[in-house]
Visitor: 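Before we start, here is the structure in question, set down as structure tokens.
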Amino acid sequence: MASPGGSGDEGSHQGRRPSYKRLSSAQTARLERFIKDCPHPDEAQRRQLASEIGLETKQIKFWFQNKRTQIKNQHERADNTALRVENDRIHTENLLMKEALKNMLCSSCGGAPCQEEDHEHAIQNMQLENAQLKEEHEKVSSLLARYLEKQMSPPELQQQAFNIPIIGSSSHAPELENSSINYEIGGSSSSHGPSRYGMQIMVSDDHNLLRSEGIEKALMFKVAAAAMNELVRLIRINEPLWTKSSTQDGKPILQHENYEKIFPRTNSFKGANLRVEATKESGIVSINSIQLIDMFLDPDKWVNLFPTIVTKAETMKVIENGLVGSRSGALQLMFEQMHVLSPLVQPREFQFLRYCQQIEEGVWVIADVSFDSFRQKTSFFHSWRHPSGCMIQEMPNGCSMVTWVEHVEVDDKIQTHQLYKDLIATGIAYGAERWIMELQRICERFACFYVERIPSQDSGGVINSLEGRRSVMNFSHRMIKVFCESLTMSGNLDFPHMNMENNSGLRVSIRKNRNHLGQPKGMIVVAATSIWLPLHYMKVFEFFTDDRRRAQWDVLCFGNDANKVAHISNEIHPGNCISIYRPFIPNENNALVLQESFTTPMGSYVVYAPTDVAAMNSAINGEDSSMLPVLPSGFVISADGEPNAALGAFNSSDIERLGGSLLTVAFQILASSPDGINMSNMESVEAVNSLLTSTILKVKDALNCNNLE
């Protein structure tokens with residue numbers, strides 16, 4: 001090998017490998033910082049790094065390869081050390097328990113010693129326990145019939161309760177049909193021992209509860225493996241499971257009759273309100289597969305990944321962490337709340353198992369399926385997720401191909417409002433296409449977040465550093481999340497006096513914020529209404545994002561133009577951006593407005609929030625913006641869901657064919673606060689009602705839609 005410090009003589013070392021100088025501390029520090037954000041740089045990023053720190057691209061490439069190998073080895077050594085310690089501990093515990101059992105068990109029968117006078121009492125206790133076990137068996141058997149269309153015998157239940165498998169281990173695992181997925185059900189217990197799954201081999205008053213937990217975990221593994229098998233087949237098989245629609249641009253439609261022949265099951269809900277939605281969509285996203293899988297398995301990152309769909313998420317129990325690095329075999333019980341577009345669209349809540357499996361080199365599958373504990377007497381959810389999820393295929397240049405299937409059963413006890421009935425019925429509201437398009441949008445936003453220099457189209461404003469740009473982008477992203485969460489409007493109050501043919505009426509929600517960081521403390525009033533407009537959604541979106549027309553709808557402008565002081569591009573589309581405005585407010589020079597807008601065929605958002613100059617300056621200067629208070633308002637625009645309404649690009653020449661759009665207007669105001677603001681509930685409702693009414697009238701007037709009643 002060449003000496004690390006030698007430069008080499010070109011004439012005397014012909015044919016030898018080139019020698020490189022040892023990296024300086026500054027070069028190493030720059031590379032260390034970069035690998036934290038991007039462990040797999042592409043060719044362009046390597047060239048950029050080489051230019052910045054004075055190295056060759058091959059040196060950059062080899063350094064990253066060596067560093068990734070070093071990190072992997074460090075993780076493996078740490079895991080091995082932890083496993084050895086755990087193994088020694090369990091071995092010691094096992095020896096102690098064996099010694100203890102020698103003194104506690106009857107030598108002839110292996111049971112606990114029993115005095116003659118206690119024999120009859122012991123028999124009665126065993127009979128009661130036997131009755132309890134029979135009842136448990138009936139509960140679990142009925143659950144299996146619901147999930148797997150299979151009854152389980154008592155011996156099999158006992159085997160499943162005490163032989164918990166490691167999902168992700170491929171040993172002794174049968175192959176799933178039409179796929180290379182391996183899974184293990186009822187195999188030998190892990191070398192880590194039952195304590196890894198919350199079970200303890202000891203005499204305890206809670207032994208029935210422990211046995212129940214073991215049975216439930218075994219059931220979780222069975223349900224997850226069956227869901228994975230079904231999802232892979234739904235993704236990879238088209239006909240006869242899926243056929244192309246003749247009315248929705250050839251989109252796949254699930255043939256329920258053929259589906260039920262292959263996957264027979266009973267419906268989770270009964271009655272006239274039952275509706276089944278099944279959609280499938282594919283798309284390329286600009287993020288590598290490992291990063292995407294990590295985000296899917298972390299509830300906070302999951303909410304950040306889909307801010308316009310997922311409003312709440314929580315990991316309720318981690319059953320298996322999966323393999324280090326690939327996360328293959330990870331299984332966890334999760335909860336999520338979903339909501340889109342308008343308070344008129346009912347939120348959906350799911351308790352479900354999420355199972356990750358790497359089925360081939362560079363191919364992962366994330367399977368979701370609803371799961372109710374058999375300790376729950378009845379399910380309180382009105383939505384049931386059949387095997388759904390996505391297949392993630394690694395592609396060159398750090399991209400991934402994602403194929404998504406969304407298959408749910410809904411019990412619509414609350415009738416969907418007429419304005420959004422078509423969007424719900426056609427599966428557009430919560431379908432696979434919305435998940436794919438939102439994922440593509442947010443991944444493009446991530447790419448803009450991690451740029452190494454401020455793009456030329458964003459220069460010239462008040463944001464002059466990458467740290468400031470990223471802090472403002474984080475601030476704006478949190479604003480979007482707060483706005484979308486506010487649209488769920490739990491415990492809302494309806495004010496039907498505003499109802500008109502094309503208007504949903506006013507909906508109001510009042511909440512008290514005491515400790516929620518990042519929002520003003522006090523009583524917050526949220527008010528929203530949705531209206532139909534006879535215009536294509538892109539025409540409405542372009543109206544709200546046209547700076548020259550802002551004074552026509554923004555009450556903070558007082559009829560004057562607002563001055564844009566900063567601009568951050570999020571995607572190629574010019575409307576997908578973050579802006580900072582200085583509005584004209586008489587006798588007030590301490591207010592700025594943060595705004596983010598973006599559009600996809602599934603929906604367009606224009607969200608903004610007033611903020612004071614000091615708070616905004618802290619973000620612009622690169623300081624942490626996670627605690628800055630924000631109370632956003634905004635607009636959500638979507639196609640109206642009519643069959644003849646196009647969801648593609650807007651073409652003004654086809655306005656008669658393109659159908660209408662649905663506009664949701666939502667405002668939040670601080671009705672009372674510790675700083676002295678104090679409005680009664682009715683005063684705040686009247687104030688926000690006046691604000692909504694005036695804004696809608698201004699929008700209709702600007703768009704020449706005043707004749708709508």
Visitor: Is the backbone of Asp368 close enough, under 3.5 Å, to the side chain of Ser388 for a donor and an acceptor to pair up by distance?
Guide: no

Visitor: I need the minimum non-hydrogen distance between Pro610 and Leu631, along with the two atoms involved.
Guide: CD-O, 4.3 Å

Visitor: For Arg549, is there an ion pair with Glu542 - N to carboxylate O distance below 4.0 angstrom?
Guide: no

Visitor: Spell out, as yes or no, whether a donor-acceptor pair under 3.5 Å connects the side chain of Ser661 to the backbone of Ala639.
Guide: no

Visitor: Between Glu596 and Arg478, does any side-chain N to carboxylate O distance fall below 4.0 Å?
Guide: no

Visitor: May I ask you to test the Lys564-Arg550 pair for a side-chain heavy-atom distance under 4.5 Å?
Guide: no

Visitor: Heavy-atom count around Asn397 CG within 6.0 Å, excluding the residue itself: above 12?
Guide: no

Visitor: For Lys698 and Val555, run side chain to side chain contact (heavy atoms under 4.5 Å, CB included): C-alpha distance rounded to whole Å, both residues' side-chain angles, the deciding distance at 0.1 Å, then the answer.
Guide: CA-CA 10 Å; Lys698 288 180 179 180; Val555 295; 4.0 Å; yes

Visitor: If we ignore hydrogens and angles and just use 3.5 Å, is the side chain of Thr403 paired with the main-chain N or O of Ser282 as donor and acceptor?
Guide: no

Visitor: For Cys448 versus Arg469, what's the shortest heavy-atom pair and its separation?
Guide: O-NH2, 3.4 Å

Visitor: Starting from the C-alpha separation in whole Å, work towards a yes-or-no answer on side chain to side chain contact (heavy atoms under 4.5 Å, CB included) for Leu344 and Arg507.
Guide: CA-CA 9 Å; Leu344 302 181; Arg507 295 208 167 187; 3.5 Å; yes

Visitor: In terms of the angle between their ring planes, are Tyr605 and Phe483 parallel, tilted or perpendicular, with boundaries placed at 30° and 60°?
Guide: perpendicular

Visitor: Can a donor-acceptor pair be found between the side chains of Tyr420 and Asp640 at a distance below 3.5 Å?
Guide: no

Visitor: Salt bridge or not for Glu277 and Arg385, using N-O below 4.0 Å?
Guide: no

Visitor: Could you work out, with ring-ring contact (aromatic ring centres under 6.0 Å, His included) as the rule, every residue matching His339, not counting sequence neighbours?
Guide: none

Visitor: Taking atom types as modelled, find out whether Trp404 and Glu406 have a side-chain donor-acceptor pair closer than 3.5 angstrom.
Guide: yes

Visitor: Heavy atoms, side chains only, cut-off 4.5 Å: are Leu662 and Leu423 in contact?
Guide: yes

Visitor: With side chains defined as the heavy atoms from C-beta onward, is the minimum distance between Ile620 and Ile580 less than 4.5 Å?
Guide: yes

Visitor: Please determine, by modelled atom types, if Arg511 and Gln668 share a side-chain donor-acceptor pair under 3.5 angstrom.
Guide: yes

Visitor: Does a sphere of radius 6.0 Å around CD in Glu452 hold more than 12 heavy atoms from other residues, nucleotides or ligands, not counting ones at 6.0 Å or beyond?
Guide: yes

Visitor: Are the side chains of Ser618 and Leu628 in contact, using a 4.5 Å heavy-atom criterion?
Guide: yes

Visitor: Taking all non-hydrogen atoms of both residues, which atom of Gln519 and which atom of Val630 are closest, and how far apart?
Guide: CG-O, 3.9 Å

Visitor: Among Glu349, Arg348, Lys312, which one satisfies side chain to side chain donor-acceptor pair (under 3.5 Å) with Gln337?
Guide: Glu349

Visitor: To check you understand the geometry: which heavy-atom pair defines the closest contact between Ala429 and Val340, and what is its length?
Guide: O-CG2, 3.5 Å

Visitor: Any luck finding a side-chain donor-acceptor pair between Trp435 and Glu281 under 3.5 Å?
Guide: no

Visitor: Give the intermediate values and the outcome of side chain to side chain contact (heavy atoms under 4.5 Å, CB included) for residues Val526 and Val508.
Guide: CA-CA 6 Å; Val526 187; Val508 177; over 6 Å; no

Visitor: Going by distance alone, is a donor N or O of one side chain under 3.5 Å from an acceptor N or O of the other, for Ser530 and Ser342?
Guide: yes

Visitor: Going by salt bridge (charged side-chain N to carboxylate O under 4.0 Å, His left out), name the residues that satisfy it together with Glu438, two or more places apart in sequence or in a different chain.
Guide: Arg441

Visitor: Is the distance between the ring centroids of Trp553 and Tyr608 under 6.0 Å?
Guide: yes

Visitor: Indicate the ring-plane relationship of Phe635 and Phe544, choosing parallel, tilted or perpendicular according to the 30° and 60° boundaries.
Guide: parallel

Visitor: Minimum heavy-atom separation for Ile463 and Ala566, please, with both atom names.
Guide: CD1-CB, 3.9 Å

Visitor: Walk me through whether Thr311 and Met338 qualify under side chain to side chain contact (heavy atoms under 4.5 Å, CB included).
Guide: CA-CA 6 Å; Thr311 54; Met338 298 161 45; over 6 Å; no

Visitor: Is a salt bridge present between Lys251 and Glu433, judged by a nitrogen-to-oxygen distance below 4.0 Å?
Guide: yes

Visitor: Side chains of Asn288 and Gln291 only: does a donor on one sit below 3.5 Å from an acceptor on the other?
Guide: yes

Visitor: With sequence neighbours excluded, tell me which residues meet side-chain contact (heavy atoms from CB on, under 4.5 Å) with Phe449.
Guide: Arg470, Met473, Asn474

Visitor: If I compare all heavy atoms of Ile392 with all of Ser289, which pair ends up nearest, and what's the gap?
Guide: CG2-OG, 3.6 Å

